[in-house]
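First the structure, in the form of structure tokens, and then the observations on it.
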Amino acid sequence: MNQRRKAGREHARGHELARRQATAGTDSPAGMRFGLALGGGAARGWSHIGVLRVLLREGLRPSVIAGSSIGAVVGGCYAAGKLDELEEFARSLTTRRVVGLLDFHLNGSGLLAGDRLQKLLLEHLGELGIEDLPLRFAAVATELGSGHEIWMTRGPLAEALRASYALPGVFDAVALDGRWLMDGALVNPIPVNAARVLGAEAILAVNLNGQLRGRAAIAHAAGSDIDDEPGDGTEEANDNLLRRFFQPLQNAIPGGRGQSQRPRPPGLGTVLMDVLNITQDRIARSRLAGDPPDVMVTPRLSDVGLFDFHRAADIIALGEKAMERTLPDLLEYLTGDDGNSVD
């Protein structure tokens, strides 16, 4: 019985790989091995879909993909031949459906167990292994405790993706190969180095946080007569949405619902998301300075919150527009043609 079941799985896997040959990577026009480094940024990661759509339209299929967090999810689904299904799912999301996917609990390492999202991944990816993909792929995660950067290049794809997007405090840590793993964007938000080690010779990086406002490393002290940059209402909108997600935890804190004469501090969700934003931005700057990509695309996502998963259509379009703007630079790098050559 076990042998027949194993044979059936192998047959299904072979059929699935054959169906996915269209996603196999190709060399760039100049013969360089083309790779993507897809950054983390939660809901902003839907813009990776738009970037990939433009690349595929131009016949630029990566041979290597390295991704952190949502970048690993989009890159892994593309490598598995499931980009269409992922885009359909993303576009179907509403605020109500997003909330319905959140399985709250108070006895884990995060507010959400993450089982509902993992079930969706397993429905589409099954037991597919990273080593079975038609291109080189790495999902980046962070080892809890040591802080080590973990590159997952073999083993179950769905489990690797879950570990890579396990935002601290939001999702439970994931046990994999004897380690507790969390979001890869904590240590490597845009894994250019992983793509390079996997063999990419020409790397396009997608930075989801590069266009966010207020990026100065040093700000004026409180009480300065120089006003901060005016807001656009995004923080308030996201705070309202996040408050719905984090209310169960807020209610469980003694005195969490009490009134005070002091000004109300930012909500728990807002603080957590801002911490992640700041951390990813600072680490990304440092990593990119030490190992820059050959070309970088930066979608304009300043008005997109980390939990705006229900805005997929707009976010995908922003990714497409950013890639359209960057396409001439990418083609020039890949072909070595500055557009001024004469026949």
Side-chain angles (χ1 to χ4, degrees), residues 1-28 33-38 45 48-49 51-53 55-56 59-90 114-115 117-141 149-166 174-179 181 184 188 191 193-201 203-204:
M1 179 66 71
N2 289 337
Q3 290 295 327
R4 287 200 299 271
R5 187 180 295 113
K6 181 178 180 181
R9 285 200 302 265
E10 291 298 326
H11 176 76
R13 176 178 291 177
H15 178 73
E16 176 69 8
L17 288 175
R19 188 184 72 81
R20 293 187 283 101
Q21 287 304 306
T23 66
T26 59
D27 291 335
S28 73
R33 202 174 190 197
F34 177 44
L36 298 179
L38 302 181
H48 290 315
I49 297 175
V51 169
L52 279 164
R53 289 302 184 196
L55 292 175
L56 296 177
L60 297 171
R61 300 179 182 274
S63 299
V64 173
I65 297 179
S68 284
S69 195
I70 187 68
V73 174
V74 176
C77 287
Y78 165 76
K82 299 292 185 177
L83 186 63
D84 290 344
E85 289 87 340
L86 180 65
E87 182 173 353
E88 181 180 359
F89 165 75
D115 293 336
L117 291 173
Q118 183 67 1
K119 182 180 178 181
L120 288 175
L121 281 176
L122 288 172
E123 285 178 2
H124 291 285
L125 301 178
E127 299 179 7
L128 183 66
I130 297 175
E131 60 269 33
D132 298 321
L133 297 174
L135 52 80
R136 298 296 305 278
F137 176 78
V140 178
E149 180 179 331
I150 306 298
W151 298 353
M152 293 169 286
T153 58
R154 61 180 184 276
L157 177 61
E159 283 295 319
L161 300 186
R162 182 177 187 178
S164 188
Y165 70 68
V174 176
L176 198 60
D177 294 334
R179 297 183 173 99
L181 302 180
N188 198 352
N193 60 331
R196 205 176 302 282
V197 170
L198 289 179
E201 298 168 303
I203 298 175
L204 173 70

At what distance, to the nearest 0.5 angstrom, does CG of Leu161 lie from CD1 of Ile70?
-> 9.5 Å
Okay, side chain of Ser164, backbone of Val140: is any donor-acceptor separation there less than 3.5 Å?
-> yes
How far apart are the C-alpha atoms of Val74 and Val51, what are their side-chain angles, what is the distance that settles it, and do they pass the side-chain contact (heavy atoms from CB on, under 4.5 Å) test?
-> CA-CA 11 Å; Val74 176; Val51 169; over 6 Å; no
Once you round to the nearest 0.5 Å, how far does CZ of Phe34 lie from CG of Leu55?
-> 5.0 Å
Minimum heavy-atom distance between Ala80 and Leu125, given as atom pair plus value | CB-CD2, 3.7 Å
Determine yes or no for a side-chain-to-main-chain donor-acceptor pair under 3.5 angstrom, with Ser68 supplying the side chain and Asn188 the backbone.
-> yes
Non-hydrogen side-chain atoms of Val73 and His48 separated by less than 4.5 Å | no
Is the count of non-hydrogen atoms from other residues, nucleotides or ligands lying under 6.0 Å from Glu131 atom CD greater than 12?
-> yes
CG-CD distance between Leu120 and Glu85, expressed to the nearest 0.5 angstrom = 12.5 Å
Considering non-hydrogen atoms only, spot the tightest contact between Leu60 and Pro62 and give its length.
-> O-CD, 3.7 Å
Please round to the nearest 0.5 Å and tell me the distance separating atom CG of Leu36 and atom OH of Tyr78.
-> 8.0 Å
Roughly how far, to the nearest 0.5 Å, is CG of Leu122 from CZ of Arg162?
-> 8.5 Å
Quick one: pull up CD1 in Ile65 and CG in Leu133 and give me the separation to the nearest 0.5 Å.
-> 9.0 Å
Check whether any side-chain heavy atom of Leu56 sits under 4.5 Å from a side-chain heavy atom of Leu83, and report yes or no.
-> yes
Can you tell me if Glu149 uses its side chain to pair, donor with acceptor, with the backbone of Ala141 under 3.5 Å?
-> no
Is any side-chain heavy atom of Trp151 closer than 4.5 Å to a side-chain heavy atom of Pro191?
-> no
In terms of heavy-atom contacts, Ala72 and Gly67 come closest through CB-O, 3.5 Å
Minimum-distance pair of heavy atoms, taken over all atoms of Leu198 and Arg33 | O-NH1, 3.4 Å
Taking the side chain as C-beta and beyond, is there a heavy-atom pair between Leu135 and Arg61 under 4.5 Å?
-> no
Kindly determine whether Leu176 and Ile150 satisfy side-chain contact (heavy atoms from CB on, under 4.5 Å), including the steps that lead there.
-> CA-CA 11 Å; Leu176 198 60; Ile150 306 298; over 6 Å; no
